[in-house]
Amino acid sequence: WLKLGRPTRAPLHTTMALSKLAGCAPCSKHRRAASPCAAGRRGGVQKPAIIQDSSFVSSDGAGSTTSDCETASTATPASPMPSAQPGPDFPSLAPAVVGTPKASKDQRGGRSSSPVNQAKCAVSSESNGRGWLRRLTSRRLTRSKSRREVSDAEAMQIKQLMQLMDAGQPLGNLSDFAKEYGDEAFCRRLLRKYDGNISKATEKFKHALKWREQNKELLATRQFMQGSDERVVGADLEGRPILYACLKNQMLPGSQCLDQKVVAMLQAIDNMPPSVETVAHIWDLHGMQFRISDLNPSPLIQMVQSLEGYFAERLQELIIIEMPRMALAMKDAIWPLVPEKTKRKVRFMTPVQAKEYMQAKCDSDVANRIRAIMEQNRDPRISLEERKRNWLRVSECGELVPAFEQA
């Protein structure tokens with residue numbers, strides 16, 4: 001078209017063919033919907049012809065390239081297709097075309113950006129956009145409905161657990177101190193731990209509130225006999241508190257250290273930010289001393305039971321460092337009693353692995369503090385009394401304070 005110097009736009013069927021070759025199916029669809037020929041076939045109003053005789057012969061004599069759309073708009077159904085005009089008549093068409101404003105082209109394949117086509121394309125695009133939005137909204141509503149159904153079922157289970165504390169129910173005779181722990185948050189943690197198993201959650205709910213009733217003085221005063229160095233030494237990058245204990249510093253049998261473990265857990269919970277619910281434990285078994293009383297696995301079983309009940313869903317991970325061979329027999333006795341979900345949270349590491357792991361999980365201050373504590377516990381030149389003077393814990397305000405009054 002540019003070779004011949006014709007200032008009009010290319011025929012619509014040529015543009016559509018080019019767009020098909022370019023693989024622009026949506027644009028082709030819009031052009032077919034907006035073409036005057038399609039409007040004529042649908043019984044629409046025919047577009048008036050701007051030029052009465054618009055046929056011509058190309059310079060290479062290839063034949064007529066008259067637009068089918070223009071022919072359909074100018075000829076009656078009974079009239080034959082206009083014949084091609086000789087080349088010398090082409091200049092006489094120029095004045096008629098020059099007086100007509102050019103149709104501007106947009107940036108997609110030379111498509112005409114006339115107001116009619118733009119409006120039709122805009123309507124089609126808007127329809128496609130609305131269809132996509134309806135599908136997206138439908139998926140979101142489906143997910144929201146599913147979550148709402150789960151939430152409704154969980155709410156019914158929580159209500160069922162809390163009704164156990166009503167008068168005449170199994171836990172109705174407990175004190176207000178015991179009942180205040182059976183709130184909605186505790187019920188939700190139990191249900192999450194036992195995957196919605198209401199019978200299992202009910203059993204643990206009863207056990208936890210009865211245990212709280214029996215240990216009211218310990219929980220209220222937090223007074224205990226110090227038996228080890230277990231304390232909060234920092235937090236990981238997610239804000240989860242970290243409890244550390246080294247068995248080299250254990251001064252009492254394990255059965256007499258349970259109260260201290262409970263208080264240390266309560267202190268860790270006090271340090272939790274609002275979005276955190278779990279605690280990371282580090283058991284450093286370096287220097288472990290075997291007593292006759294320590295061969296009894298009962299204290300460890302009680303501790304596991306407290307983690308499964310009263311402190312349900314409070315364990316993020318348990319890191320056991322440097323397990324000696326003699327401790328394997330105790331592990332084998334306890335391991336079958338540990339639920340599979342809890343087993344997946346236990347990690348056995350060497351001292352080097354533990355230091356590298358802490359370096360990745362904590363900021364530099366906490367990681368260096370834990371590394372220094374581990375090295376101090378492995379230094380034979382430092383006595384127990386000297387180590388006691390360095391036993392610090394992180395308070396609720398984030399400050400390092402003496403871990404124990406006796407230290």
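- Residues Trp283 and Leu318 are in side-chain contact: their nearest non-hydrogen atoms beyond the backbone lie under 4.5 Å apart.
- Rounding to the nearest 0.5 Å places CE of Met225 at 6.5 Å from CD of Gln256.
- Tested against Val232 for a side-chain contact (heavy atoms from CB on, under 4.5 Å), the candidates Leu392, Asp270, Leu243 yield a single pass: Leu243.
- Between Lys331 and Val346 the shortest side-chain heavy-atom distance does not fall below 4.5 Å.
- Under a 4.0 Å N-O distance rule, the pair Glu322/Lys248 does not qualify as a salt bridge.
- Residue pairs meeting the ring-ring contact (aromatic ring centres under 6.0 Å, His included) criterion with at least one member in residues 250-278, sequence neighbours excluded, do not occur.
- In this structure, Leu258 and Val262 have side chains that are not in contact, with every pair of non-hydrogen atoms separated by 4.5 Å or more.
- Considering every non-hydrogen atom in both Met374 and Ala354, the closest pair reads CE-CB, 4.3 Å.
- Between Leu218 and Val263 there is a side-chain heavy-atom pair separated by less than 4.5 Å.
- Closest approach of Ala403 and Arg393 over heavy atoms only: CA-CG, 3.8 Å.
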side-chain contact (heavy atoms from CB on, under 4.5 Å) assessment of Gln260 paired with Leu252
CA-CA 11 Å; Gln260 181 177 349; Leu252 297 176; over 6 Å; no
List the steps, then state whether side-chain contact (heavy atoms from CB on, under 4.5 Å) holds for Gln267 with Arg222.
CA-CA 10 Å; Gln267 292 172 344; Arg222 298 191 180 185; 4.2 Å; yes
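- The closest donor-acceptor contact from the side chain of Arg314 to the backbone of Glu277 lies under 3.5 Å.
- The closest donor-acceptor contact from the side chain of Gln157 to the backbone of Ile198 lies at 3.5 Å or more, if one exists at all.
- Atom CE of Met358 and atom NZ of Lys355 lie 12.5 Å apart (nearest 0.5 Å).
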Before you tell me yes or no, could you show the steps for Glu317 and Arg240 under salt bridge (Lys or Arg N to Asp or Glu O under 4.0 Å), namely the whole-Å CA-CA distance, both residues' side-chain angles and the distance that decides it to 0.1 Å?
CA-CA 10 Å; Glu317 61 182 349; Arg240 292 182 286 257; over 6 Å; no
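- No side-chain heavy atom of Arg369 sits under 4.5 Å from any side-chain heavy atom of Tyr244.
- Side-chain atoms of Lys345 come within 3.5 Å of backbone N or O of Leu315 as a donor-acceptor pair.
- Checking Asn390 against Arg387 by side-chain atom types alone, no donor-acceptor pair falls below 3.5 Å.
- Considering only residues two or more places apart in sequence or on other chains, Tyr181 meets the ring-ring contact (aromatic ring centres under 6.0 Å, His included) condition with Phe186, Tyr310.
- Interatomic distance, OG of Ser364 versus CZ of Arg371, reported as 9.5 Å (0.5 Å rounding).
- Scanning all heavy atoms of the two residues, the minimum distance from Ile242 to Cys362 falls at CD1-SG, 3.5 Å.
- Listed for the Arg189 side chain is a donor-acceptor partner under 3.5 Å among the backbone atoms of Ala312.
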Side-chain atoms of residues 158-174: list all donor-acceptor pairs with protein atoms under 3.5 Å, sequence neighbours left out, distances to 0.1 Å.
none

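- For the atom pair CD (Gln223) and CD (Glu217), the distance works out to 9.0 Å, reported to the nearest 0.5 Å.
- Between Arg188 and Glu313 there is no salt bridge, since no side-chain nitrogen of the basic residue lies less than 4.0 Å from a carboxylate oxygen of the acidic one.
- Between Lys210 and Glu213 there is no salt bridge, since none of the side-chain N atoms of the basic residue sits less than 4.0 Å from a carboxylate O of the acidic one.
- Under the 3.5 Å distance criterion, with hydrogens and angles disregarded, no donor-acceptor pair is assigned to the side chains of Glu203 and Tyr194.
- The shortest non-hydrogen separation linking Val401 to Ser395 is CG2-CB, 4.1 Å.
- The distance from the CG atom of Asn377 to the CG atom of Asp284 is 6.5 Å, given to the nearest 0.5 Å.
- Counting only distance, with no hydrogens or angles, the side chain of Gln376 and the backbone of Ile382 share no donor-acceptor pair below 3.5 Å.
- Residue Asp332 qualifies as enclosed at atom CG: its count of foreign heavy atoms under 6.0 Å is above 12.
- Using bins of under 30°, 30° to 60° and over 60° for the plane-to-plane angle, the ring pair Phe404/Phe224 lands in the perpendicular bin.
- Contact of the Asn249 side chain with the Leu384 side chain is registered, since non-hydrogen atoms from C-beta on lie closer than 4.5 Å.
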Show, in sequence, the C-alpha distance, side-chain angles and deciding distance for Val233 and Val366, and conclude whether the side-chain contact (heavy atoms from CB on, under 4.5 Å) test is met.
CA-CA 7 Å; Val233 295; Val366 176; 5.6 Å; no
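- Between Asn271 and Pro241, the shortest heavy-atom distance links the atoms CB-CG, 4.2 Å.
- Contact check for Lys193 versus Lys200: no side-chain heavy atoms found under the 4.5 Å cut-off.
- Within the 4.5 Å cutoff, the side chain of Val276 has no heavy atoms near those of the Glu238 side chain.
- The distance from the CH2 atom of Trp335 to the NZ atom of Lys343 is 6.5 Å, given to the nearest 0.5 Å.
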Any chance you could lay out the side-chain contact (heavy atoms from CB on, under 4.5 Å) test for Lys361 and Ile319, step after step, and finish with the verdict?
CA-CA 12 Å; Lys361 297 288 288 185; Ile319 301 172; over 6 Å; no
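- When all heavy atoms of Cys187 and Phe205 are compared, the pair lying nearest together is SG-CE1, 3.6 Å.
- The backbone N or O of Cys246 sits less than 3.5 Å from a side-chain atom of Asp229, completing a donor-acceptor pair.
- Using a cutoff of 4.0 Å between basic side-chain nitrogens and carboxylate oxygens, Glu386 and Arg381 are not scored as salt-bridged.
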